[in-house]
Amino acid sequence: MKTILEQISETVAKGFEAAGYDASYGKVGVSNRPDLCEFQCNGAMAGAKAYHKAPMAIAEEVAAKLSGNSAFSMINAVAPGFLNIKVSDDFLSGFLNKMESGDKFAVDMPQPEKIVVDYGGPNVAKPLHVGHLRAAIIGESVKRICKYLGNDVIGDVHLGDWGLQMGLIITELRERKPELPYFDESFEGEYPSEAPFTLSELEEIYPAASAKSKEDEAYKEAALEATGQLQRGNRGYRALWQHIMDVSVPDLKKNYKDLSVEFDWWKGESSVDALIPDMVKDMKDKGFAYESEGALVVDVAQESDSKEIPPCMILKSDGASLYTTTDLATLLDRRSCFDPDHVIYVVDKRQEMHFIQVFRCARKTGVVKDGVKLDFLGFGTMNGKDGKPFKTREGGVMRLETLISDIRDTMYRKIMDNHEADPEEAKKTSETVALAAIKYGDLSNQATKDYVFDTDKFTSFEGNTGPYILYTIVRIKSILGKYTADGSKLPTSIGKPQNDLEKSLMLELSKFAITVRAAYDEIAPHRICAYIYDVCNAFNRFYHETKILTEEDAAKKEGWIALLVLTKRILETCIDLLGFEAPEKM
RNA sequence: GUGUGUGUAGCUCAGCUGGAUAGAGCGUCUGGCUACGGACCAGAAGGUCGGGGGUUCGAAUCCUCUCACACACGCCA
């Protein structure tokens, strides 16, 4: 089904044509003056110049052609040339009933694509910290939106498991436990199946090693050497690497699960190591890659660049691969496993230059086929209330687990304060609400901008927050629960609006398809947040003025209940696209 | 230095790609509890859209200059 804007635009376009003007002037948008109308068309003003005619005259002619159209209850020409429109009750309720009965609210699906969403990007052996939060939340939502619109979508965590951080850990381990067989080059037996460290030791080792490498040049050399050896297949290092993975990955999986973030692929940089030699050879053979300052690079500068773009480095001067190498090889791997039409990277925006280089290099060298879309969705920094990057009170990096449990505790206290609840149930509810608070707080901002993570604001039940959205849904559930308590079936046929507040709610609901398509086309989950906030407000206003369950006119009551059912379904669909869900009670 | 991005109410943010009187929330002030869940609703105050210039019927939105901040600029990821 076409969107409500498309349907109205088609009708208005016919009016323009009937009056002798080009149909393209009939484009209709949502009104920015809700006090005057519901929809508006500005085409008469746009066309005034082309036709050398006063805009008001054009608008009046078109309005005359369209007056009496059954889709409209009002269409007026207003100075200096606006066409103000209100839709008819029949048209609106008809539209909603088609939404209600259609699959996925009868949204027109785009041409399906095969899409890989690359998000997450955690380093193994390092606990997730708040810096990983945005990638996980935004990426998950982007993935769900793409899936909803009928695409074949893979979410890939793309672990950082092959770079210098692995060499650092190996080096530090060697200093601490040189007696381990992994460091004995003459060792030919079987390595222990048990890892020589626990998760918490591992989490302590990496920062320690990282700090040392910044001060001690020789230490850093050793780490770089270890990285290279690992990549070249040093048997003991590979065994250690496997231990690191075995200890670290299950913990990462648990953390992401707690965030309701699910990856289809748990691949990483290491997964594509075997593809690198042939890829590099191919780039050399084709003449793209050449040696520069000891490293192997591919030029990616273009004439239109306003700034010099450095060449894309394929191999370091010591011959080791680096993140451009694995990112390129990953594209090859995805091509052979899945052959995507579109790859979307959800990564910190500070890495934009890297992806410009990778994308250009991939196209130039034929790593991706012509026509494959490569998108970089760079997200901004998560700041504290002071406007500076989010830190613990001590100034350190906050672990994601800590952040989440803090919010859960806050939610739990609020729930228990507000009314008596079973502590066990309240605990479960607080987890659900906390997740909504965090995710909505993030997603309601434009992804590309920096934003302030404000716990007090995000956990509030008032205003544009996750808890407010959930509260509205729970309230609807409560009413519907009362309605069905006596065994009544939920009606589905939505009636004509009885008053302005009801019509406002219906109009909001009718915009679902527009919103979801905009969120998809622009890769912008915040569109959905803005939309459900509008829907919730419209619902709460309607609810406040309308006694639903005590209504004596059965037809009215059933129409309202059907409207609530649709409202609830749409809200639940939207929050699912954002990556969270509503509890039964709160 | 070069490039990119950001700058909208006291604070946090929208603004549908050029339209009418620039919108929300929080905070402040005022009103509504015989509660289908008041964790709600209604209303008020609060703006030279960083600043200057330009494009046109019309600019927060496009162009230009300028100021402030953030980020990125070859062997980390």
Side-chain angles (χ1 to χ4, degrees), chain A residues 5 29-33 35-36 40 42 45-46 48-49 54-55 78-82 84 121 123 160 162-165 168 210 213 220 224 227 269 292-297 305-313 315-318 320 322-324 326-327 347-354 357 378 380-381 383 385 387-388 414-415 417-419 441 444-446 448-452 454 456-457 460-465 467-468 470-472 474-483 511 514-515 518 522 526-527 529-530 533-534 537 540-541 543-551 585-586:
Chain A
L5 281 182
V30 175
S31 164
N32 53 24
R33 285 292 300 273
D35 51 323
L36 300 177
Q40 68 183 65
N42 305 330
M45 290 180 289
K49 202 166 216 176
V78 179
F82 294 104
N84 287 353
N123 286 331
W162 210 232
L164 180 61
Q165 78 270 23
L168 283 165
S210 178
S213 75
K220 188 174 181 187
L224 285 166
T227 308
E269 296 168 337
S292 164
E293 298 172 32
L296 191 71
V297 302
D305 291 339
S306 56
K307 178 213 159 129
E308 193 188 337
I309 304 290
C312 180
M313 190 175 299
L315 291 178
K316 300 194 289 183
S317 46
D318 66 1
L322 66 167
Y323 66 134
T324 48
T326 50
D327 273 349
V347 185
D348 191 308
K349 72 179 174 191
R350 286 174 293 192
Q351 293 190 38
E352 182 167 19
M353 179 63 83
H354 163 70
Q357 292 178 307
T381 309
N383 290 326
K385 274 177 114 167
K388 293 182 196 148
K414 288 198 180 192
I415 289 169
D417 283 353
N418 270 302
H419 53 71
S444 55
N445 294 285
Q446 286 185 45
T448 52
K449 289 195 185 177
D450 296 350
Y451 83 111
V452 174
D454 182 340
D456 294 338
K457 177 180 162 189
S460 168
F461 285 83
E462 289 164 32
N464 191 7
T465 68
Y468 171 75
L470 295 191
Y471 175 71
T472 305
V474 167
R475 189 181 230 183
I476 296 173
K477 284 185 178 181
S478 170
I479 297 171
L480 295 180
K482 286 212 163 75
Y483 182 84
K511 293 168 193 162
I514 300 166
T515 304
E522 298 166 24
H526 87 277
R527 292 281 207 151
C529 292
Y533 183 56
D534 286 343
N537 280 332
N540 279 322
R541 280 186 207 118
Y543 159 88
H544 196 260
E545 297 301 322
T546 316
K547 294 285 172 219
I548 297 164
L549 291 178
T550 52
E551 173 60 44
K585 288 191 222 162
M586 58 191 280

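Throughout, a chain's letter reflects where its sequence line sits, starting with A, and its residues are numbered from 1. Since this is a predicted model, take the numbers as computed values, not measurements.
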Taking atom C1' of B:G5 as reference, at what distance in whole Å does atom CD of A:Gln446 sit? 12 Å
Any A:Ile514 side-chain heavy atom under 4.5 Å of A:Arg527 side chain: no
Please work out if A:His526 contacts a base, only the sugar-phosphate, or nothing of the nucleic acid, heavy-atom cut-off 4.0 Å. sugar-phosphate
Tell me what A:Gly163 touches on the nucleic acid: a base, only sugar-phosphate, or nothing, going by heavy atoms under 4.0 Å. sugar-phosphate
State the pairing partner of B:U34; accept Watson-Crick or G-U wobble contacts with both distances under 3.5 Å, and report none otherwise. none
Once hydrogens and angles are ignored, does a donor-acceptor distance under 3.5 Å link the base of B:G5 to the side chain of A:Thr448? no
Does any N or O donor sit under 3.5 Å from an N or O acceptor when you compare the side chain of A:Asn84 with the base of B:A20? yes
Using a 90° cut-off around 0 for syn, call B:U17 syn or anti. syn
Pick the C1' atom in B:U4 and in B:G19, then give their distance to the nearest Å. 30 Å
Which atoms of nucleotides 6-8 of chain B (N or O only) lie under 3.5 Å from a protein N or O atom, and what are those distances?
from: B:G7; atom 1: OP1; to: A:Lys449; atom 2: NZ; distance (Å): 3.3

Contact class for A:Ile309 vs. all strands (heavy atom < 4.0 Å): base, sugar-phosphate, or nothing? nothing
Any-strand Watson-Crick or G-U partner of B:A44, both distances under 3.5 Å: B:U28
Does A:Ala295 reach a base, just sugar-phosphate, or nothing at all? Heavy atoms under 4.0 Å. base
Base, sugar-phosphate, or nothing for A:Asp35, non-hydrogen atoms under 4.0 angstrom? base
Mapping A:Asn42 and A:Glu308 onto RNA chain B by nearest heavy atom, which one lands closer to the 5' end? A:Asn42
Both distances under 3.5 Å, Watson-Crick or G-U wobble: report the partner of B:U55, or none. none
What is the nucleic acid contact for A:Glu293, judged by heavy atoms within less than 4.0 Å: base, sugar-phosphate only, or nothing? base
Which part of the nucleic acid, if any, lies within reach of A:Leu224 when heavy atoms closer than 4.0 Å are counted: base, sugar-phosphate only, or nothing? sugar-phosphate
If you measure from the C1' atom in B:U30 to the same atom in B:C36, how many Å do you get, rounded? 28 Å
Would you list the protein and nucleotides 36-44 of chain B atom pairs, both N or O, that sit under 3.5 Å from each other?
from: B:C36; atom 1: O3'; to: A:Lys482; atom 2: NZ; distance (Å): 3.4
from: B:C36; atom 1: O2; to: A:Leu549; atom 2: N; distance (Å): 3.2
from: B:C36; atom 1: N3; to: A:Thr546; atom 2: O; distance (Å): 3.3
from: B:C36; atom 1: N3; to: A:Ile548; atom 2: N; distance (Å): 3.2
from: B:C36; atom 1: N4; to: A:Tyr543; atom 2: O; distance (Å): 2.5
from: B:C36; atom 1: N4; to: A:Thr546; atom 2: O; distance (Å): 2.2
from: B:G37; atom 1: OP1; to: A:Ser478; atom 2: OG; distance (Å): 3.0
from: B:G37; atom 1: OP2; to: A:Ser478; atom 2: OG; distance (Å): 3.4
from: B:G37; atom 1: OP2; to: A:Lys482; atom 2: NZ; distance (Å): 2.6
from: B:G37; atom 1: O2'; to: A:Tyr471; atom 2: OH; distance (Å): 2.6
from: B:G37; atom 1: O2'; to: A:Arg475; atom 2: NE; distance (Å): 3.1
from: B:G37; atom 1: N7; to: A:Ser478; atom 2: OG; distance (Å): 3.2
from: B:G37; atom 1: N1; to: A:Met586; atom 2: O; distance (Å): 3.1
from: B:G37; atom 1: N2; to: A:Met586; atom 2: O; distance (Å): 3.1
from: B:G38; atom 1: OP2; to: A:Arg475; atom 2: NH2; distance (Å): 2.3
from: B:G38; atom 1: OP2; to: A:Tyr543; atom 2: OH; distance (Å): 3.0
from: B:A39; atom 1: N6; to: A:His419; atom 2: NE2; distance (Å): 2.9
from: B:C40; atom 1: OP1; to: A:Phe461; atom 2: O; distance (Å): 2.8
from: B:C40; atom 1: OP2; to: A:Glu462; atom 2: OE2; distance (Å): 3.4
from: B:C41; atom 1: OP1; to: A:Tyr468; atom 2: OH; distance (Å): 3.1
from: B:C41; atom 1: O2'; to: A:His544; atom 2: ND1; distance (Å): 3.3
from: B:A42; atom 1: OP1; to: A:Arg541; atom 2: NE; distance (Å): 2.6

Student check: side-chain heavy atoms of A:Asn537 and A:Tyr468 closer than 4.5 Å: yes
Tell me, for nucleotides 62-71 of chain B in 5' to 3' order, what letter each nucleotide earns: B for a base near a protein heavy atom under 4.0 Å, S for only sugar-phosphate near one, - for neither? --------SS
Would you find a donor on one side and an acceptor on the other, under 3.5 Å apart, between the side chain of A:Gln40 and the backbone of A:Phe82? no
For the residue pair A:Leu224 and A:Lys316, what are the closest heavy atoms and their distance? CD2-NZ, 3.5 Å
Please tell me if the side chains of A:His526 and A:Lys449 come closer than 4.5 Å, counting only heavy atoms from C-beta onward. no
Planes under 30° and centres closer than 5.5 Å, is that true for A:Tyr533 with the base of B:A24? no
Report yes if some heavy atom in the side chain of A:Gln357 is under 4.5 Å from a heavy atom in the side chain of A:Pro310; otherwise report no. yes
Report the base-pairing partner of B:C73 (Watson-Crick or G-U wobble, both distances below 3.5 angstrom), or none. B:G1
Between B:U28 and B:C65, how far apart are the two C1' atoms, rounded to whole Å? 40 Å
Any idea which of B:G19, B:A77, B:U21 is nearest the A:Asn32 side chain? B:G19
Please report the shortest heavy-atom distance between A:Thr381 and A:Asp450, naming the atom on each side. N-OD1, 2.8 Å
Does a side-chain N-to-carboxylate-O contact under 4.0 Å join A:Asp534 and A:Lys511? no
Rounding to the closest angstrom, what is the interatomic distance between B:G51 and B:G32 at atom P? 41 Å
Close side-chain approach of A:Lys457 and A:Val452, heavy atoms under 4.5 Å: no
Using the C1' atom in both, what is the distance from B:C69 to B:A22, to the nearest Å? 24 Å
Verify, without hydrogens or angle tests, whether A:Ser460 (side chain) and A:Glu462 (backbone) share a donor-acceptor contact under 3.5 angstrom. yes
State the pairing partner of B:A9; accept Watson-Crick or G-U wobble contacts with both distances under 3.5 Å, and report none otherwise. none
